[in-house]
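Computed from a predicted model, the values in this text were never measured in an experiment.
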Amino acid sequence: MLTEILPFGVITNVYSNIKNKKIKKRIAQSFGLQVAPFESWLTIITVTRNSCCHHARVWNRVFSIRATMPIRMSRPWITLPTDPLKVTIRNIPTC
């Protein structure tokens with residue numbers, strides 16, 4: 001229930017501050033990832049979300065945080081080659 005009312009940045013900080021590695025691992029595994037990639041993506045999503053909400057530029061911006069790519073994934077979700085420091089859109093189909 002708390003995730004519905006807490007800001008996303010607070011949720012990211014709560015996850016980062018969990019001391020029990022087994023709990024962190026179970027949470028990350030529920031998303032099909034290891035702890036390090038899950039935590040880095042949470043941080044990047046938070047930074048990107050805050051940039052959008054405060055009308056900052058996101059397109060072609062070079063982020064200072066690099067996403068950790070997972071070693072293995074139970075459900076692959078990244079299929080295009082990506083630049084881990086930029087938000088870009090490739091091959092957008094036109095309507």
Side-chain angles (χ1 to χ4, degrees):
M1 288 190 284
L2 282 175
T3 58
E4 292 184 22
I5 60 171
L6 289 176
F8 197 76
V10 172
I11 294 169
T12 303
N13 287 336
V14 167
Y15 182 79
S16 297
N17 289 317
I18 293 173
K19 300 294 182 205
N20 188 320
K21 293 182 184 207
K22 287 183 181 181
I23 293 174
K24 283 180 98 163
K25 187 175 181 179
R26 283 181 58 197
I27 294 169
Q29 283 178 339
S30 70
F31 291 92
L33 294 169
Q34 300 86 34
V35 172
F38 181 70
E39 195 162 359
S40 77
W41 280 94
L42 271 179
T43 303
I44 288 171
I45 291 168
T46 301
V47 169
T48 304
R49 182 232 167 249
N50 288 342
S51 296
C52 291
C53 288
H54 296 288
H55 308 291
R57 183 172 62 89
V58 177
W59 177 259
N60 268 343
R61 173 182 169 189
V62 177
F63 288 95
S64 59
I65 304 166
R66 181 180 300 270
T68 304
M69 298 307 290
I71 297 167
R72 62 187 167 0
M73 294 182 284
S74 60
R75 296 178 303 266
W77 48 276
I78 299 174
T79 57
L80 294 173
T82 60
D83 180 348
L85 293 177
K86 286 188 176 183
V87 175
T88 56
I89 300 173
R90 295 185 181 113
N91 300 328
I92 302 172
T94 56
C95 298

request  = Report the relative orientation of the aromatic rings in F31 and F38; use parallel for angles under 30°, tilted for 30 to 60°, perpendicular for over 60°.
outcome  = parallel
message = Restricting to non-hydrogen atoms, name the atom on G9 and the atom on T46 that form the minimum distance, rounded to 0.1 Å.
response = CA-CG2, 3.6 Å
message = If you compare all heavy atoms of I18 against all heavy atoms of I27, which two are closest, and at what distance to 0.1 Å?
response = CD1-CD1, 3.9 Å
task = If a pair satisfies salt bridge (Lys or Arg N to Asp or Glu O under 4.0 Å) and one of its residues is in residues 5-17, list it, with sequence neighbours excluded.
result = none
request  = Give every residue pair that meets the salt bridge (Lys or Arg N to Asp or Glu O under 4.0 Å) criterion with at least one member in residues 20-49, sequence neighbours excluded.
outcome  = K24-E39
task = Could you walk me through whether Y15 and T43 pass side chain to side chain contact (heavy atoms under 4.5 Å, CB included), step by step?
result = CA-CA 10 Å; Y15 182 79; T43 303; over 6 Å; no
inquiry  = Measuring from atom CG of N50 to atom CD1 of I45, what distance do you get when rounded to the nearest 0.5 angstrom?
reply    =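 The distance works out to 12.0 Å.
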query = Measuring from L42:CG to F8:CZ, what's the distance to the nearest 0.5 Å?
reply =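 Here the rounded value is 5.0 Å.
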